[in-house]
Q: 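Mind having a look at this structure? Questions to follow.
Remember, predicted model here, so these are calculated numbers, not experimental data.
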Amino acid sequence: MLDSELLETGESPFTTAGNGMTAGRLEGRPEAGEVAIAPPSELDAEKLFSAELGSTTVLTRAEEVVLTRAIAHARQRITRILKRARRLSRAALADGGRGVVHPEEDFRERETVMILTYASQALQTKRSTRATGLSRASLRTFVSTLSAALGEYRVLRDQMVRANARLVNLLARRYHHPTLTRLDLFQEGAIGLLRAIEKYDPDRNIKFSTYAMWWIWQQLGRAADTYGSLIRTPVHWNQLRRRLSRDEQELAGQSEGPVSRETLAGTRGIQLERLEAMAQTFHFVSTDAPVSDTDDRTLETVLAAEGDEAEETVLKATLRERLEAALTQLPERERYILRQRFGWEEDRSETLDEIGSRLGVSRERIRQLESRALHKLKEVCTSQGLEDYLH
């Protein structure tokens, strides 16, 4: 549990890494009423951020109750405005995807902004205005009213975010992750804080910081599952791995021995093959790493490529374009014979008999026309500087 008394005081609940001093007190002991700031070269981003957080104020319990009730009132006002324009809301959120939250279900700022943007754009044309189910005057009133209500909510929301920034920072510091920095974790935790502000009900008589902790911690865990690995796996896979780890520890304590995967699969009620696929771990090897201790070549240089090199691909495309231009200078029948003989269209060459039967001439005649066409094409290619491709 968090030390609530520490969070409600004006002192910073954390110390900057490596120097043992509280945020906002970087070098030496400043005189009363002064804050000593170290030279910029001695500060990094996290220390600057910590120093700024140290100057933020924390709400008292009474101030928190007043602010949360004002936020709830602002949310209700927005919801009432949106419910009076259900047809407009449905049209605005039609392409929002599966995660859309409709106004009659719950409040979320994201959907409110989507509806406001749609309504503002609908004012541009009469046809779009008719699709909203509102007259042009009513739509203009809706946009102005919703904009004012959303602006009021955002002012109150920002006050609550600033007052609880220390809480987010404290949880971000506790959530250790090998790849995500503390600033990244703070940013994700702030998203969880915003969601907590959207859903908090002051009538339940629960302290806001207690309620917000769950949303912040959930967002931190989601960020670790989404961005923490080089190869992203579905979030429910990571959740399953954590459950399997807990189940394995519990079963191992009961049986005092190793737990088989079959037992774990039966515990969770899933197939063994699915469990094996979801529980597997990934090992990463850099292509810039040397092949071995005795071989300085990198892995990238010894891996066989499945396709052509980029340079070769460009050269082939350029050659094809230039040959296509050269073929257009031949008579139509001779051009057709060369295309079929060398598989220009379908990458399959045809025999002299197949082409002769299609054109109604003998095999020998097709051979003569092919020879004459190649001689003409050689002259065209030489004049265009393509003689190097003929050998």
Q: Can you give me the closest heavy-atom contact between Y211 and A196, atom names plus distance?
A: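 Heavy-atom minimum between the residues: CE2-O, 3.6 Å.
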Q: Run the side chain to side chain contact (heavy atoms under 4.5 Å, CB included) test on F208 and I197 for me, step by step, so that the C-alpha distance in whole Å, both residues' side-chain angles and the decisive distance to 0.1 Å come before the verdict.
A: CA-CA 9 Å; F208 176 78; I197 295 173; 3.6 Å; yes
Q: In terms of hydrophobic clustering (I, L, V, M, F, W, Y; side-chain heavy atoms under 4.5 Å; direct or indirect links), are L369 and L338 co-clustered?
A: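 Different hydrophobic clusters.
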Q: Without hydrogens or angle criteria, can the side chains of Q368 and R365 be said to hold a donor-acceptor pair below 3.5 Å?
A: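 Yes.
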Q: So, do Y118 and L93 sit near enough that their side-chain heavy atoms are less than 4.5 Å apart?
A: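 Y118 does not reach L93 side chain to side chain.
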Q: Taking R140's backbone N and O only, do any of them form a donor-acceptor pair with S144's side chain (distance below 3.5 Å, no angle check)?
A: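 Side chain of S144 to backbone of R140, a donor-acceptor pair under 3.5 Å: yes, one is there.
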Q: CD/E379 to CG/L330 distance, rounded to the nearest 0.5 angstrom?
A: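 Answer rounded to 0.5 Å: 10.0 Å.
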Q: Decide yes or no for E111 and H102: does some side-chain heavy atom of the first lie under 4.5 Å from some side-chain heavy atom of the second?
A: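 No. Closest side-chain heavy atoms not under 4.5 Å.
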Q: Whether the side chain of T141 engages the backbone of A137 through a donor-acceptor N/O pair (distance < 3.5 Å, no angle test) should be reported.
A: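 Confirmed, T141 side chain pairs with A137 backbone.
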Q: Please report the closest heavy-atom contact between G133 and R87, naming both atoms and the distance.
A: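 Shortest heavy-atom separation between G133 and R87 comes out as CA-NH1, 3.6 Å.
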Q: Can you find a heavy atom in the side chain of Y336 that is under 4.5 Å from one in the side chain of L359?
A: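 Contact flag for Y336/L359 side chains = yes.
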Q: Is there a side-chain contact between I81 and P103 (heavy atoms, below 4.5 Å)?
A: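 Result no, sub-4.5 Å side-chain heavy-atom pair not found.
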Q: Which residues pass the salt bridge (charged side-chain N to carboxylate O under 4.0 Å, His left out) test with E321, not counting sequence neighbours?
A: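 Residues passing salt bridge (charged side-chain N to carboxylate O under 4.0 Å, His left out) with E321: none at all.
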Q: Side chain to side chain contact (heavy atoms under 4.5 Å, CB included) for N169 and F49? Distances and angles first, verdict last.
A: CA-CA 10 Å; N169 182 68; F49 180 69; 3.8 Å; yes
Q: Which pair of non-hydrogen atoms, one from A223 and one from L180, has the smallest distance, and what is that distance?
A: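 Residues A223 and L180, closest heavy atoms: O-CD1, 3.9 Å.
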Q: Kindly indicate whether the side chain of E104, heavy atoms from C-beta on, has any atom under 4.5 Å from the side chain of S89.
A: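 Of all side-chain heavy-atom pairs linking S89 with E104, none is under 4.5 Å.
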Q: Among L170, L167, L193, which residue satisfies the side chain to side chain contact (heavy atoms under 4.5 Å, CB included) criterion with M213?
A: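 That would be L167.
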Q: Do L116 and V100 share a hydrophobic cluster, counting only Ile, Leu, Val, Met, Phe, Trp and Tyr and linking them when any side-chain heavy atoms are less than 4.5 Å apart?
A: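 Cluster IDs for L116 and V100 match.
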Q: Can you confirm whether E109 sits close enough to R154 that some side-chain heavy atom of one is under 4.5 Å from a side-chain heavy atom of the other?
A: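 Of all side-chain heavy-atom pairs linking R154 with E109, at least one is under 4.5 Å.
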Q: At their closest point, which heavy atom of A119 faces which heavy atom of V143, and how far apart are they?
A: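 Minimum heavy-atom separation between A119 and V143: CB-CG2, 3.7 Å.
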Q: Between atom CD of Q340 and atom CD of E370, what is the distance when rounded to the nearest 0.5 Å?
A: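 CD of E370 is found 12.0 Å from CD of Q340.
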Q: Are any non-hydrogen side-chain atoms of I71 and R75 less than 4.5 angstrom apart?
A: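 I71 reaches R75 side chain to side chain.
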Q: Assigning hydrophobic clusters by single linkage (Ile, Leu, Val, Met, Phe, Trp, Tyr; side-chain heavy-atom cutoff under 4.5 Å), is L374 placed with L327?
A: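 The answer is yes; both residues are in one hydrophobic cluster.
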Q: Just one of R339, R341, R358 clears the salt bridge (charged side-chain N to carboxylate O under 4.0 Å, His left out) bar with E350, so which one?
A: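 When R339, R341, R358 are each tested with E350, the salt bridge (charged side-chain N to carboxylate O under 4.0 Å, His left out) holds only for R358.
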Q: Locate the shortest heavy-atom distance separating A70 from L156; write the atom from each residue and the value.
A: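 Heavy atoms only, the tightest pair is O-CD1, 3.5 Å.
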Q: Side chain to side chain contact (heavy atoms under 4.5 Å, CB included) between R222 and E188: does it pass, once the steps are laid out?
A: CA-CA 9 Å; R222 179 61 62 90; E188 294 296 331; over 6 Å; no
Q: Are the side chains of E152 and R77 in contact, using a 4.5 Å heavy-atom criterion?
A: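 Yes, at least one pair of side-chain atoms sits under 4.5 Å.
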Q: Tell me, with the steps shown, if R195 and Q219 meet side chain to side chain contact (heavy atoms under 4.5 Å, CB included).
A: CA-CA 9 Å; R195 187 58 179 149; Q219 186 64 32; over 6 Å; no
Q: In Å, rounded to the nearest 0.5 Å, how long is the span from CZ of F142 to OG of S120?
A: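 Reported to 0.5 Å precision, the distance equals 9.0 Å.
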Q: Considering only NZ, NE, NH1 and NH2 on the basic side and carboxylate oxygens on the acidic side, decide whether R335 and E332 come within less than 4.0 Å.
A: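 Result for this pair is no, no salt bridge flagged.
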Q: How long is the span from the CE atom in M160 to the CD atom in E63, to the nearest 0.5 Å?
A: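 Answer for the CE-CD pair, M160 versus E63, is 10.5 Å.
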Q: Linking I/L/V/M/F/W/Y whenever any side-chain heavy atoms sit under 4.5 Å apart, do Y200 and V66 land together?
A: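 No; tracing contacts between hydrophobic side chains, which count when under 4.5 Å, never links both residues.
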Q: Working to the nearest 0.5 Å, report the span between CD1 of I78 and CZ of F107.
A: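 One finds 4.5 Å between CD1 of I78 and CZ of F107.
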Q: Could you tell me which non-hydrogen atom of K83 sits nearest to which non-hydrogen atom of R86, and how far apart they are?
A: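 Minimum heavy-atom contact is O-CG, 3.1 Å.
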Q: If I take atom CG from residue L139 and atom CG from residue L123, how far apart are they, to the nearest 0.5 angstrom?
A: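 Output value for this atom pair is 4.0 Å.
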Q: Does I191 share a hydrophobic cluster with L185, counting links as ILVMFWY side-chain heavy atoms below 4.5 Å and allowing steps through other members?
A: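 As far as the 4.5 Å side-chain criterion goes, L185 and I191 are not connected within one cluster.
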Q: If you draw a 6.0 Å radius around CG in D203, do more than 12 non-hydrogen atoms from other residues or ligands fall strictly inside?
A: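 More than 12 heavy atoms, drawn from other residues, nucleotides or ligands, come within 6.0 Å of this atom.
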